[in-house]
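Keep in mind that the numbers below use all heavy atoms, side chains included, and drop hydrogens, waters and symmetry copies.
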Amino acid sequence: MSEEARQMFPKGLKQPETGFRFSTDSLLLSSFVPVSGKCRILDLGTGCGVIPLGIALRNPVEDLYITGVDINPVMLECANHNVAESGFTDKIEILEGNVCNPQFAPAESYDVVVSNPPYWCEGRGRPCPDADRNRARFEVEAELEDFAKTAARMVRFRGKVCFVFLAERVTPLLAVLTRFKLEPKRIKFVHSHMDRSAKVVLVEAVKNGKAGLIVEPPLVLFEDKSKGSVYSQSALDFCKFIMK
């Protein structure tokens, strides 16, 4: 876990000693996901389960059910542990599943599908010596297209799909969403500081939705450089569920 994520999600979560460690990006996505009324949510590539936990913490409603899917047995063990320790076994189910072969549920089973997919194509960036961390960061076993295709298959008609992704790769993200009839409807860029370029982007799309994109005000995580890892009030408000 990054120091920033540790501050924003102070309750300890079980994670593998090596391999992928969840970051602030997952917490931001948890806060971006729309939930209203009875809602069934699917998280593709759930890791240690932080996105389902974040959504459940932020939305204490009765008819909310979240399924987290991952292919990594170590991550699945961590996710199940975290769900049980957090008291959300009645809200969150963790399943073994492959994004490239989505046999874990029938098509159009969910109202919302979310994901924090690997950010980099193979050959871009520095490879990680740890194989699990490398799979989480790079499109080794599943590409962005696989995540979008499965999201489109699993979400109901007019349902919503929410991704967090690298801001510099927003063009291929929007292109692949529209290719699978997921119409981008809402987008928010996230900056570490006001005077820096956006690092990540949050995108909401609607299956078979009409054209019309809302660009929301950007989210700036830190007040100024001198304060280092102290979060801005806007960031705390955006992720206020974890500050209880």
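Val164 and Pro117 make their closest contact through O-CD, 3.5 Å (heavy atoms, listed as atom of the first residue, atom of the second, distance). Heavy atoms only, all atoms of each residue included: Asn59 and Leu64 are closest at O-CD2, 3.5 Å. Closest approach of Pro73 and Ile71 over heavy atoms only: CD-O, 3.4 Å. Here the closest heavy-atom approach between residue Pro52 and residue Ile66 is recorded as O-CD1, 3.4 Å. Minimum interatomic distance between Ala148 and Leu177 (heavy atoms only, all atoms of both residues): CB-CD2, 4.4 Å.
Side-chain heavy atoms closer than 4.5 Å link hydrophobic residues (I, L, V, M, F, W, Y) into clusters, and following such links, even through other members, never connects Leu173 to Ile214. Transitive grouping of hydrophobic side chains (ILVMFWY, heavy atoms separated by less than 4.5 Å) keeps Val113 and Phe157 in distinct clusters.
Asp146 contributes a side-chain N or O that, together with a main-chain N or O of Glu143, makes up a donor-acceptor pair within less than 3.5 Å. A donor-acceptor pair under 3.5 Å is formed between the side chain of His191 and the backbone N or O of Arg196. Between the Asn72 side chain and the Val74 main chain, a donor and an acceptor come within less than 3.5 Å of each other. No donor-acceptor pair under 3.5 Å is formed between the side chain of Lys149 and the backbone N or O of Val99. Looking at Ser115, its side chain never comes within 3.5 Å of a backbone N or O of Phe163 through a donor-acceptor pair.
With values rounded to the nearest 0.5 angstrom, Tyr231 atom OH is found 8.0 Å from Cys239 atom SG. Atom-to-atom distance recorded for Asn80:CG and Cys78:SG is 9.5 Å, nearest 0.5 angstrom. Residue Glu77 holds its CD atom at 8.5 Å from CG of Asn82, rounded to the nearest 0.5 Å. Considering OG of Ser30 and CD1 of Ile51, their distance stands at 5.5 Å, rounded to 0.5 Å. With rounding to the nearest 0.5 Å, the separation of CD1 in Ile187 from CG in Leu174 is 5.0 Å. Between the CE atom in Met75 and the CD atom in Glu96 there is a gap of 14.0 Å [rounded to 0.5 Å].
Side-chain contact between Pro218 and Lys188: absent, with no pair of heavy atoms (C-beta onward) separated by less than 4.5 Å. At least one side-chain heavy atom of Leu28 sits under 4.5 Å from a side-chain heavy atom of Leu221. Within the 4.5 Å cutoff, no side-chain heavy atoms of Asp90 are placed close to those of Tyr65. With a 4.5 Å cut-off on side-chain heavy atoms, Phe222 and Ser232 do not count as touching. Using a 4.5 Å heavy-atom cutoff, the side chains of Val161 and Val112 are not in contact. Put simply, the side chain of Leu29 reaches to within 4.5 Å of the side chain of Cys162, judged on heavy atoms. With contacts defined as side-chain heavy-atom distances shorter than 4.5 Å, the pair Val201/Leu166 does not qualify. Looking at Val50 and Leu27, their side chains come closer than 4.5 Å, going by heavy atoms from C-beta outward.
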Apply side-chain contact (heavy atoms from CB on, under 4.5 Å) to Leu53 and Phe88, showing your working. CA-CA 8 Å; Leu53 288 169; Phe88 284 117; 3.8 Å; yes
Check the pair Val176, Phe147 against side-chain contact (heavy atoms from CB on, under 4.5 Å), reporting the backbone distance first and the verdict last. CA-CA 10 Å; Val176 77; Phe147 282 87; over 6 Å; no
Would Ser31 and Arg58 satisfy side-chain contact (heavy atoms from CB on, under 4.5 Å), going step by step from the backbone distance to the final call? CA-CA 7 Å; Ser31 301; Arg58 189 173 186 270; 4.0 Å; yes
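Pairs of residues two or more places apart, or lying in two chains, that qualify as side chain to side chain donor-acceptor pair (under 3.5 Å) and include a residue from residues 176-187 are Glu145-Arg179, Arg186-Glu204, Arg186-Glu216. Residue pairs that meet the salt bridge (Lys or Arg N to Asp or Glu O under 4.0 Å) test with at least one member in residues 104-115, sequence neighbours left out, are Glu108-Lys207, Asp111-Arg156.
A salt bridge does not link Glu85 to Lys14: none of the charged side-chain nitrogens sits closer than 4.0 Å to a carboxylate oxygen.
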Under 3.5 Å, sequence neighbours excluded: what are the donor-acceptor pairs made by side chains of residues 32-48?
from	atom 1	to	atom 2	distance (Å)
Arg40	NE	Ser109	O	3.4
Asp43	OD2	Thr46	OG1	2.7

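Here Val206 is tied to no hydrophobic group at all, with no ILVMFWY side chain closer than 4.5 Å. Hydrophobic cluster membership for Met194: Val220 (Ile, Leu, Val, Met, Phe, Trp, Tyr linked by side-chain heavy atoms under 4.5 Å, directly or transitively).
Under 3.5 Å, the side chains of Tyr119 and Asp25 contain a donor-acceptor pair of N or O atoms.
For Glu62, there are no side chain to side chain donor-acceptor pair (under 3.5 Å) partners two or more places apart in sequence or in a different chain.
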